[in-house]
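As structure tokens, the structure follows; a few thoughts come after it.
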Amino acid sequence: MAEEICFFTKDALIIKPPKKSPALLRMIVIVFAMVCGVYICSTCLKQTNTETTRKLLNIEVIERPCHEYDTDRSQIPYLHYPKPKTFSRAECSCNPVRLFAVLSAQRSGSGWFETLLNSHINITSNGEIFSVKERRENASSILRTLDMVYNLDLITSASKNHCSAAVGFKWMLNQGLIQYHKEIVEYFNNKGVSVIFLFRRNLLRRLVSVLANSYDRYARLLNGTHKSHVHSTEEASTLAKYKPEINTTLLITDLKRMDASTKEALEYFNSTRSIFLYYEDLIKDHTKLEDVIEFLRLPQMNLTSRQVKIHSGPLQEHIKNWDDVNKTLKGTAYESFLRSDY
């Protein structure tokens with residue numbers, strides 16, 4: 001009986017594994033979750049810090065100002081860093097640009113002088129931009145045009161743009177310059193624009209050139225083409241064949257008017273940073289060109305021009321009524337103009 005009971009007990013015995021504590025399982029799950037949370041958070045923080053650093057670095061590069069720590073402090077108002085809308089200055093964005101304007105009068109050698117300037121690798125002189133009437137309709141249109149030029153957004157055949165170190169143009173006295181002189185002087189002084197005055201000492205020669213050029217606008221002596229400037233002695237000789245007849249009744253008055261306009265310009269623009277030049281001096285003394293380059297604070301270079309002078313030699317060879325002109329100017333303040341030869 002005892003054996004049967006024992007047998008039954010053995011058959012009926014089911015062996016179960018011991019139960020684990022629920023508290024221990026919960027603790028394991030919590031620890032695992034904490035470890036995962038810490039890992040995920042640290043990874044996100046690293047990514048956030050990296051992106052923030054990149055943004056800060058990018059902002060620093062974009063906003064980095066251009067400085068010339070070794071530049072004479074007095075020159076800082078004349079150094080500009082244009083940001084043109086029409087192109088990117090790329091690696092030259094931190095190359096400073098100086099602004100200038102050549103103030104002159106028609107037939108005073110400004111075209112020849114400008115070709116000399118443009119032969120310098122660092123200079124862009126954009127020509128007679130205010131010959132376009134729309135650009136000088138009023139003070140506002142003039143200032144808008146100046147902004148375009150000095151921001152390098154006015155593209156001309158002379159434009160070097162990217163790495164130009166000096167940018168300007170030539171401006172004739174009768175192209176709104178005198179009429180709006182107050183606004184222009186204020187603009188020049190605020191922007192640090194340097195002024196180069198270029199005039200002709202011999203006003204009689206200038207008058208001959210004006211009359212001859214005016215005649216050729218209609219006569220078109222060079223194969224039906226009008227040219228204000230030429231690049232060969234043959235072309236110069238052809239244009240020089242025309243000898244204007246000067247109105248001697250108005251001659252003294254015309255010379256006085258020319259002289260007065262020069263003095264007026266000098267008076268109006270005397271507060272600007274400027275240099276004064278005579279065309280005749282540039283012809284005879286090439287060191288004057290070095291003075292101009294020094295004035296613009298640029299490296300010295302040999303400046304060249306392909307232009308050929310049209311009316312060279314004695315004036316009596318270029319005036320039809322020379323005897324009358326000679327008689328009119330004898331004994332006046334303008335008598336010396338009769339003898340000038342270059």
Return the [atom1] to [atom2] distance between [X] and [Y], rounded to the nearest 0.5 Å.
X: Phe188; Y: Leu146; atom1: CZ; atom2: CG; value: 6.0 Å
X: Ile246; Y: Thr328; atom1: CD1; atom2: OG1; value: 9.5 Å
X: Leu116; Y: Thr304; atom1: CG; atom2: OG1; value: 7.0 Å
X: Leu239; Y: Glu234; atom1: CG; atom2: CD; value: 12.0 Å
X: Thr249; Y: Asp324; atom1: OG1; atom2: CG; value: 9.5 Å
X: Phe337; Y: Leu251; atom1: CZ; atom2: CG; value: 10.0 Å

Taking all non-hydrogen atoms of both residues into account, name the closest pair between [X] and [Y] and its distance.
X: Asn118; Y: Ile123; result: OD1-O, 3.6 Å
X: Tyr78; Y: Ser194; result: CD2-OG, 4.4 Å
X: Thr272; Y: Phe269; result: OG1-O, 2.7 Å
X: Ser271; Y: Asn189; result: OG-ND2, 3.3 Å
X: Ala166; Y: Leu298; result: CB-CD1, 3.7 Å
X: Leu177; Y: Leu173; result: CD2-CD2, 3.6 Å

Side chain proximity check, [X] to [Y], heavy atoms < 4.5 angstrom:
X: Lys243; Y: Ile319; value: no
X: Val292; Y: Leu303; value: no
X: Leu338; Y: Val325; value: yes
X: Cys163; Y: Asn122; value: no
X: Leu315; Y: Arg205; value: yes
X: His80; Y: Pro96; value: no
X: Lys320; Y: Pro244; value: no
X: Phe199; Y: Leu277; value: no

Treating [X] as the side-chain partner and [Y] as the backbone partner, does any N or O pair qualify as donor plus acceptor under 3.5 Å?
X: Glu137; Y: Lys133; answer: no
X: Ser232; Y: Glu235; answer: yes
X: Thr145; Y: Ser141; answer: yes
X: His231; Y: Ser305; answer: no

When clusters are formed by joining ILVMFWY residues with side-chain heavy atoms under 4.5 Å apart, either directly or through shared neighbours, do [X] and [Y] land in the same one?
X: Val210; Y: Tyr279; value: no
X: Ile178; Y: Phe130; value: yes
X: Leu211; Y: Leu221; value: no
X: Ile275; Y: Ile283; value: yes
X: Tyr187; Y: Val97; value: yes

Problem - side chain to side chain contact (heavy atoms under 4.5 Å, CB included) against Met172, all qualifying residues, sequence neighbours excluded - result: Ser104, Gln106, Ser110, Glu128, Lys170, Asn174, Gln175
Any luck finding a side-chain donor-acceptor pair between [X] and [Y] under 3.5 Å?
X: Arg200; Y: Ser108; answer: no
X: Arg98; Y: Gln75; answer: yes
X: Asp153; Y: Thr86; answer: yes
X: Asp285; Y: Thr287; answer: yes

Exercise for the section: Please write out which residues are connected to Tyr218 in a hydrophobic cluster, directly or through intermediates, given that two of Ile, Leu, Val, Met, Phe, Trp, Tyr count as joined at side-chain heavy-atom separations below 4.5 angstrom. Expected result: none
Problem - Candidates Leu222, Ile310, Asn213 - the one meeting side chain to side chain contact (heavy atoms under 4.5 Å, CB included) with Lys227 - result: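 Filter result, single survivor: Leu222.
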Problem - Partner residues of Phe100 under the ring-ring contact (aromatic ring centres under 6.0 Å, His included) criterion, sequence neighbours left out - result: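 Checked Phe100 against ring-ring contact (aromatic ring centres under 6.0 Å, His included); zero matches.
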Handout entry: Qualifying residues under ring-ring contact (aromatic ring centres under 6.0 Å, His included), relative to Trp322, sequence neighbours excluded
Key = none
Practice task
Could you walk me through whether Glu114 and Val102 pass the side chain to side chain contact (heavy atoms under 4.5 Å, CB included) test, one step at a time?
Solution key: CA-CA 9 Å; Glu114 192 172 45; Val102 179; over 6 Å; no
Handout entry: Arg273 to Phe295, cation-pi by 6.0 Å centre distance and 45° axis angle
Key =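 Yes.
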Exercise for the section: Could you tell me whether Arg201 sits above the aromatic face of Tyr278, with NZ or CZ closer than 6.0 angstrom to the six-membered ring centre and within 45 degrees of the axis? Expected result: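 Ring-cation test returns yes.
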Distance-only donor-acceptor pairs under 3.5 Å for side chains of residues 252-265, two or more places apart:
from, atom 1, to, atom 2, distance (Å)
Ser261, OG, Met258, O, 2.7
Thr262, OG1, Met258, O, 3.3
Glu264, OE2, Tyr268, OH, 3.2

Exercise for the section: Could you check whether the rings of Phe276 and Phe197 sit parallel, tilted or perpendicular, using 30° and 60° as the cut-offs? Expected result: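 It falls in the tilted class, 30° to 60°.
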Exercise for the section: Describe, in one word, how the ring planes of His318 and His311 are oriented to each other, choosing from parallel (under 30°), tilted (30 to 60°) and perpendicular (over 60°). Expected result: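 His318 and His311: perpendicular rings.
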Exercise for the section: Check the pair Arg306, Thr115 against side chain to side chain contact (heavy atoms under 4.5 Å, CB included), reporting the backbone distance first and the verdict last. Expected result: CA-CA 8 Å; Arg306 293 177 53 241; Thr115 61; over 6 Å; no
Practice task
Might you confirm whether atom CG of Asn223 has over 12 heavy atoms from other residues, nucleotides or ligands at distances under 6.0 Å?
Solution key: no
Problem - Steps toward side chain to side chain contact (heavy atoms under 4.5 Å, CB included) verdict (Tyr242, Asp216) - result: CA-CA 9 Å; Tyr242 170 71; Asp216 190 65; over 6 Å; no
Practice task
Show the numbers, then the answer: is there a side chain to side chain contact (heavy atoms under 4.5 Å, CB included) between Tyr180 and Asn138?
Solution key: CA-CA 8 Å; Tyr180 300 105; Asn138 50 50; 4.2 Å; yes
Exercise for the section: Please identify each residue that fulfils salt bridge (charged side-chain N to carboxylate O under 4.0 Å, His left out) with Glu183, with sequence neighbours left out. Expected result: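 Expected list: none.
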